[in-house]
Amino acid sequence: PLAPRRWLALDVIATAFVAATILVVLIHASAFDHAGLIVGLHALLLAGYALLRRGATRRPALGTAFIVYLFAFVLAIFQTMGAIIPPVRGGARMDDALAHLDTRLFGSDPTRWLEPLLNPWTTLVLEICYSSYFFLPVLLTTLVLRRRQFALFFSYAATIVGCFFTTYVGYYIVPALGPRAYVSYETPLPLGTVGRALYDTIDALDYIKLNAFPSGHTAVSLVCLAILWRESRRLGKLCTPLVLGLIVATIAHRYHYLV
C-alpha cells in the first residue's frame with residue numbers, strides 16, 4: 001500500500017484548511033448568493049480526499065488515484081477562492097498599499113526596471129520559466145515515487161500543500177489584483193505569438209485574480225527547488241535557472257509586486 005493508516009501531517013493540513021474555509025463561508029453566509037453550494041463543494045472535496053486516502057492504505061491502484069486527486073484537490077480549492085474572497089473581504093483591495101510600499105522601499109516601480117530588456121524573445125523565455133511552476137511539483141512527485149519512497153512522498157506533499165494553503169491565506173488577508181491590473185503602463189508587454197498564448201492561458205486559469213500577494217509561484221517553486229536539490233543535485237541544477245527566471249518573470253511580467 002502507498003499510505004499508512006495513521007493520520008499524517010498532510011491529512012491534518014488538508015482537513016484543517018477545508019474545515020476553516022467552510023467555517024469562514026458560514027460566518028459570512030449573508031454575503032454570498034450561494035453559500036450552501038460552496039460549503040457543499042468543499043465537503044465533497046474533503047470526502048473525496050478521505051475516501052481515496054483510505055483506499056490508498058489498501059490498494060496500490062487507489063494510491064495512484066489519490067495522488068492524482070491530490071493535485072486536483074489543491075487546484076479546485078485554489079479556484080474556489082475566486083468565489084469566496086470578494087464576499088468575505090467586502091471588495092477590499094490592497095494594491096494601492098503594495099504599490100506604494102514597493103516605491104517607498106525600492107525608490108521606483110520594480111515592475112518597470114527590466115522594461116528596456118523586454119522583447120518578444122525575452123518575454124517568451126520568462127513566460128516559459130513562469131509556467132514551470134505547474135510542472136515542478138509533478139517532477140518532484142515522479143522522482144520520489146519512482147524510488148518507491150512513499151513515506152517521503154507524504155512528508156514532501158505536506159510541505160508543498162502547506163505552502164500552497166499558506167499563500168491562499170495570504171490572499172484572504174491581502175487581496176490584490178497585481179500590477180498588471182492596477183498600474184497604468186505606457187506600453188503593453190512585448191509578447192510574441194507563443195508568449196501571448198502562454199500568458200493568456202495562465203490568465204484564463206487564474207480564476208481568483210486577487211492573488212498578487214504573496215506570490216504562490218515563487219513560494220511553491222522555491223520549496224520544490226529546495227527539495228529537488230536535496231533529492232537530486234542534477235535536477236536541482238537543471239531547475240535552478242527556471243526558478244530564477246520565474247522569480248524575475250513575476251515582477252517583469254507585472255504579475256506581482258516585489259514586496
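One is the number of the first residue; the rest follow in order along the sequence.
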Legend entry - Phe135: partners by side chain to side chain contact (heavy atoms under 4.5 Å, CB included), with sequence neighbours left out: none
Legend entry - 4.5 Å side-chain heavy-atom contact, Cys239 and Leu139: yes
Legend entry - Side chain Gln79, main chain Leu205, donor-acceptor under 3.5 Å: yes
Inset, instruction - Quick one: sort the Phe78 and Tyr168 rings into parallel, tilted or perpendicular, breaks at 30° and 60°. - result: tilted
Inset, instruction - Could you name each residue pair satisfying side chain to side chain donor-acceptor pair (under 3.5 Å) that touches residues 36-52, not counting sequence neighbours? - result: Asp11-Tyr49, His42-Thr80
Legend entry - Side chain to side chain, Thr167 and Phe213, heavy atoms closer than 4.5 Å: no
Legend entry - Gap between atom CG of Leu242 and atom OG of Ser131 - 0.5 Å precision: 10.0 Å
Inset, instruction - Taking side-chain hydrogen bond (donor to acceptor under 3.5 Å, both in side chains) as the test, write out the residues that go with Thr218, two or more places apart. - result: Ser215
Inset, instruction - Please assess Thr122 against Asn119 for the test side-chain contact (heavy atoms from CB on, under 4.5 Å), listing each intermediate value before the final yes or no. - result: CA-CA 5 Å; Thr122 56; Asn119 58 58; 3.6 Å; yes
Legend entry - Leu118 backbone acceptor or donor facing Thr123 side chain under 3.5 Å: no
Inset, instruction - Just do the side-chain hydrogen bond (donor to acceptor under 3.5 Å, both in side chains) check on Thr15 and Trp7 with the steps written out, would you? - result: CA-CA 11 Å; Thr15 303; Trp7 269 57; over 6 Å; no
Inset, instruction - Name all residues meeting the ring-ring contact (aromatic ring centres under 6.0 Å, His included) criterion together with His256; count only those two or more places apart in sequence or in a different chain, and write none if there are none. - result: none
Inset, instruction - Please collect all salt bridge (Lys or Arg N to Asp or Glu O under 4.0 Å) contacts where either partner lies in residues 62-72, sequence neighbours excluded, each pair once. - result: none
Legend entry - Non-hydrogen side-chain atoms of Leu198 and Leu124 separated by less than 4.5 Å: yes
Inset, instruction - Considering non-hydrogen atoms only, spot the tightest contact between Glu115 and Tyr185 and give its length. - result: OE2-CD2, 3.7 Å
Legend entry - For the student: nearest non-hydrogen atoms of Leu143 and Ser232, plus distance: CD2-CB, 4.1 Å
Inset, instruction - Determine whether Thr111 and Leu258 make a side-chain contact, defined as any pair of heavy atoms from C-beta on separated by less than 4.5 Å. - result: no
Inset, instruction - If a pair satisfies side chain to side chain donor-acceptor pair (under 3.5 Å) and one of its residues is in residues 28-37, list it, with sequence neighbours excluded. - result: none
Inset, instruction - With sequence neighbours excluded, tell me which residues meet side-chain hydrogen bond (donor to acceptor under 3.5 Å, both in side chains) with Tyr172. - result: none
Please output the side-chain donor-acceptor pairs of residues 148-162 that fall under 3.5 Å, not counting sequence neighbours, one pair per line with the distance.
from	atom 1	to	atom 2	distance (Å)
Tyr156	OH	Glu231	OE2	2.5
Thr159	OG1	Ser155	O	3.2

Inset, instruction - State, with a plain yes or no, whether a side-chain heavy atom of Leu45 is found less than 4.5 Å away from one of Tyr69. - result: yes
Legend entry - Enclosure of Arg54 CZ (heavy-atom neighbours >12, cutoff 6.0 Å): no
Inset, instruction - Please check if the distance between the ring centroids of His100 and Tyr257 is under 6.0 Å. - result: no
Inset, instruction - Report yes if some heavy atom in the side chain of Cys224 is under 4.5 Å from a heavy atom in the side chain of Val220; otherwise report no. - result: yes
Legend entry - More than 12 heavy atoms of other groups within 6.0 Å of Trp113 CH2: yes
Inset, instruction - With sequence neighbours excluded, tell me which residues meet side-chain hydrogen bond (donor to acceptor under 3.5 Å, both in side chains) with Tyr255. - result: Glu127
Inset, instruction - Not counting sequence neighbours, which residues clear side-chain hydrogen bond (donor to acceptor under 3.5 Å, both in side chains) with Tyr182? List them please. - result: Asp96
Legend entry - Any side-chain heavy-atom pair of Leu210 and Tyr171 under 4.5 Å: no
Legend entry - Pair listing, salt bridge (Lys or Arg N to Asp or Glu O under 4.0 Å) test, anchored in residues 197-206, at least two apart: Arg180-Asp203, Arg180-Asp206, Arg196-Asp200, Asp203-Lys209
Inset, instruction - Please name all residues satisfying salt bridge (Lys or Arg N to Asp or Glu O under 4.0 Å) with Asp109, sequence neighbours left out, ordered by chain then number. - result: Arg112
